[in-house]
Structure formats: structure tokens, C-alpha cells
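One structure is given below, encoded as C-alpha cells.
All values below were derived from every heavy atom in this structure, side-chain atoms included, with hydrogens, water molecules and symmetry-related copies excluded.
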Amino acid sequence: MVLQIDPQLIRNLEKLGLTENEAKAYIGLVSLREATAREIHELTNVPRAKVYEILKVLAKKGYLEVRQGSPTYFRAVDPKKVIGEIKYEFISCAIETLGQLNELSYELPKTSPVWYIQSDWGIKNRIREIMAGVKEELIIFSTSPEFLQEFEPDIKKLEKIYNLILIVDELDKFRSLPFGFKETNKEFADFMDNIIIDGIQYKEEFFMIADGKESIGVHSAGNKREAVIIKLPIVSYMQKMIYERVLEPGFIKKTKQLMS
């Protein structure tokens with residue numbers, strides 16, 4: 001009988017540094033408490049030719065104990081202790097690596113003014129970094145209240161100190177957020193919602209210009225979220241001019257303070 005292992009459990013153990021077969025072997029051993037290499041192979045389908053070497057690797061890592069004999073028996077170390085040790089090693093390694101990376105300094109002859117981010121956490125982290133560096137003015141355009149809400153605490157801090165302009169496509173969607181918004185007219189909102197390039201639809205969720213010098217645009221491309229950062233003053237200045245044009249009476253529908 002083969003043990004039905006939750007694939008997510010295997011993926012989690014892989015993220016903690018185990019290979020797929022090491023994860024299966026350890027899970028099988030935790031299930032059996034104590035077993036031979038053959039029993040682990042039969043329970044988990046870890047290849048018979050590899051199972052013994054895999055168990056030796058796990059023993060070397062301290063994840064199981066070995067009782068020599070004929071046959072040799074293996075016993076899993078308490079998962080709490082194993083995960084605790086992995087966590088300790090991971091954090092120690094992360095701290096050491098961060099220190100070493102921060103000490104690196106290599107001046108490149110030229111740095112690209114355009115950067116591209118695909119991960120959600122990377123996008124949100126970069127937005128917060130840009131917000132933290134604002135000195136005078138921040139312009140934000142959004143079509144997604146859920147995405148904008150992520151930065152509510154950051155925006156609250158900024159609105160008390162700097163010139164903050166918040167533009168949205170539909171006021172009603174943002175009624176739960178305690179900010180003063182300007183609403184674009186339908187033509188501009190439709191344009192931002194229906195950009196198609198090479199057959200792929202791009203929908204702008206969030207756009208921000210900091211001090212007229214740096215911008216970040218977050219959009220969905222098909223079913224993926226992406227962000228483009230531009231740190232080129234002339235381009236950011238032109239983008240700012242476009243949004244200032246949008247703020248003119250012919251483009252702005254109305255201005256209203258929305259309070260939750």
C-alpha cells in the first residue's frame with residue numbers, strides 16, 4: 001500500500017531545503033515512526049535504488065536516527081525539533097547573507113532607468129520604497145480599491161505632509177477609503193481599461209509618480225500582474241504632464257471627499 005501524501009506538504013518541505021524524494025522519505029518515516037529502507041520504499045514509492053542513500057542523507061542532516069543491524073532501521077526525529085532546527089538555520093543563513101550582500105559595492109558604468117517586476121510582494125515592496133522617498137508630491141491613479149487599500153497607512157502618513165493627488169476611475173468603488181479622490185471622465189477610464197498590445201489586454205490597476213522624477217505602473221497583462229518602474233526624470237515629467245492634463249475640467253468628472 002502506497003501512502004497518499006499531500007502534494008502541498010511535499011512542496012513545503014522542498015521550500016525548506018529537502019528534495020522531493022527526501023521529503024517523501026521523511027514523511028513516510030514520520031508516518032511509520034520506525035522502518036527499514038525497504039518499508040519506506042514500499043510506502044512512499046521512493047525509488048528502491050535510491051532510498052537507502054536518501055535515508056543516509058537525512059540522517060546526516062539530523063532528521064532521523066539509525067539503528068544498525070540486519071536490516072538497518074531508521075526512526076524519524078520529532079518534526080517539531082526538525083522544523084525548529086531548519087527555521088534556526090534558515091534565519092541565521094538569511095541574516096548572514098543579508099550582511100554579506102549589504103557589504104558588496106560594485107559601481108556599474110551605467111544603470112538602466114527601467115525595471116520590471118512580476119512578483120506581488122516585490123511590486124508592493126517597491127511601491128512602499130518609492131512612497132517612503134517622496135519629498136514634495138505624489139500622484140496616484142487607481143482602478144482597484146483592493147490594491148490601493150494595501151497602502152492606506154502609507155498614504156495617510158503622506159497626505160499630512162506632502163502634496164497628494166489621488167485619481168480614480170469610479171468614485172463609488174473607492175467609497176470605503178478615507179481619502180479625497182478626483183474621478184476621471186468615462187473616456188479616460190475606458191482608455192486605461194482597454195489597452196491591447198499584440199493581442200494581450202493590459203488593464204492599469206495602479207499608477208504612481210513621485211516628485212515628477214520616478215514612476216511605477218502596475219497592470220494586469222492577461223491573467224498576470226506586472227509592474228514597470230521608470231526612473232528617468234524626462235519620462236516621469238511627461239507622464240506627470242499627462243495626468244495634470246487629466247485633472248483639467250474637461251477630463252475630471254468631479255471631486256469628492258469619500259469617508260468610510
* To do: Could you tell me which non-hydrogen atom of Ile209 sits nearest to which non-hydrogen atom of Ser215, and how far apart they are?
  => CG1-CB, 4.1 Å
* **Partner residues of Glu159 under the salt bridge (Lys or Arg N to Asp or Glu O under 4.0 Å) criterion, sequence neighbours left out** => none
* Do you know which two heavy atoms are closest between Ala35 and Leu32, and how far apart they sit? -> CB-CD1, 3.6 Å
* **Donor-acceptor under 3.5 Å (Asp211 side chain, Lys213 main chain)** => no
* Without swapping roles, check the side chain of Glu89 against the backbone of Ile86 for a donor-acceptor pair under 3.5 Å. => no
* **Glu183 side chain to Leu171 backbone, donor-acceptor under 3.5 Å** => yes
* Asked: Less than 4.5 Å apart, any side-chain heavy atom of Ile230 and any of Val228?
  -> yes
* Could you list the residues that satisfy side-chain hydrogen bond (donor to acceptor under 3.5 Å, both in side chains) with Lys61, not counting sequence neighbours? => Glu22
* **Min side-chain heavy-atom separation Ile123-Phe206 under 4.5 Å** => no
* Before giving the answer on side-chain contact (heavy atoms from CB on, under 4.5 Å), spell out for Leu98 and Asn102 the whole-Å C-alpha distance, their side-chain angles and the decisive distance to 0.1 Å. => CA-CA 6 Å; Leu98 179 60; Asn102 284 337; 3.7 Å; yes
* To do: Salt-bridge test for Glu20 and Lys24: reply yes if a basic N is under 4.0 Å from a carboxylate O, no otherwise.
  => yes
* Within the side chain of Ser220, is there an N or O that forms a donor-acceptor pair under 3.5 Å with the backbone of Glu204? -> no
* Asked: Would you find more than 12 non-hydrogen atoms of other residues, nucleotides or ligands less than 6.0 Å from Tyr88 atom OH?
  -> no
* Taking the side chain as every heavy atom from C-beta outward, state whether Lys60 and Lys56 have any atom pair closer than 4.5 Å. => no
* Asked: What is the minimum heavy-atom distance between Phe174 and Ser142, and which atoms define it?
  -> CZ-O, 3.5 Å
* Working to the nearest 0.5 Å, report the span between OH of Tyr63 and CG of Asp78. => 14.0 Å
* **Val168 side chain near Phe181 side chain, heavy-atom distance below 4.5 Å** => yes
* **Side-chain donor/acceptor of His41 to backbone N/O of Val46, under 3.5 Å** => yes
* Asked: Is the NZ atom of Lys50 crowded by more than 12 outside heavy atoms at less than 6.0 Å?
  -> no
* Flag side-chain contact, heavy atom, 4.5 Å: Arg225 against Asp120 -> yes
* Start with the C-alpha gap between Glu14 and Arg11, add the side-chain angles, then the distance that decides, and say whether salt bridge (charged side-chain N to carboxylate O under 4.0 Å, His left out) holds. => CA-CA 5 Å; Glu14 286 178 319; Arg11 287 193 291 270; over 6 Å; no
* To do: Indicate yes or no: does Glu214 engage Arg126 in a salt bridge with an N to O separation below 4.0 Å.
  => yes
* side-chain hydrogen bond (donor to acceptor under 3.5 Å, both in side chains) with Asn45: which residues, sequence neighbours excluded? -> none
* Check the surroundings of atom CZ in Arg38: do more than 12 heavy atoms from other residues, nucleotides or ligands lie under 6.0 Å from it? => no
Side-chain donor-acceptor pairs under 3.5 Å in residues 64-71, sequence neighbours left out?
{"unit_1": "Glu65", "atom_1": "OE1", "unit_2": "Arg75", "atom_2": "NE", "d": "3.2"}
{"unit_1": "Glu65", "atom_1": "OE1", "unit_2": "Arg75", "atom_2": "NH2", "d": "2.7"}
{"unit_1": "Arg67", "atom_1": "NH1", "unit_2": "Glu34", "atom_2": "OE2", "d": "3.4"}

* Side-chain (Lys173) to main-chain (Thr143) donor-acceptor, under 3.5 angstrom -> yes
* With sequence neighbours left out, write down each residue that passes side-chain contact (heavy atoms from CB on, under 4.5 Å) with Ala37, or none if nothing qualifies. => Val51, Tyr52, Leu55, Phe74
* Taking the side chain as C-beta and beyond, is there a heavy-atom pair between Ile165 and Leu138 under 4.5 Å? -> no
* Does any non-hydrogen side-chain atom of Leu148 lie less than 4.5 Å from one of Ile155? -> yes
* To do: Taking the side chain as every heavy atom from C-beta outward, state whether Val82 and Tyr26 have any pair of such atoms under 4.5 Å apart.
  => yes
* Asked: Looking only at heavy atoms, what is the nearest atom pair of Gly28 and Leu3, with distance?
  -> CA-CD2, 4.3 Å
* Asked: Which pair of heavy atoms, one from Ala25 and one from Leu58, lies closest together, and at what distance?
  -> CB-CD1, 4.0 Å
* Asked: Any chance the side chains of Glu226 and Tyr116 put a donor and an acceptor closer than 3.5 Å?
  -> yes
* To do: Verify side-chain contact (heavy atoms from CB on, under 4.5 Å) between Phe207 and Ile140, making sure each step is shown before the conclusion.
  => CA-CA 6 Å; Phe207 191 87; Ile140 295 176; over 6 Å; no
* To do: Supply the members, apart from Trp121, of the Ile/Leu/Val/Met/Phe/Trp/Tyr cluster built from side-chain contacts under 4.5 Å; use none for a lone residue.
  => none
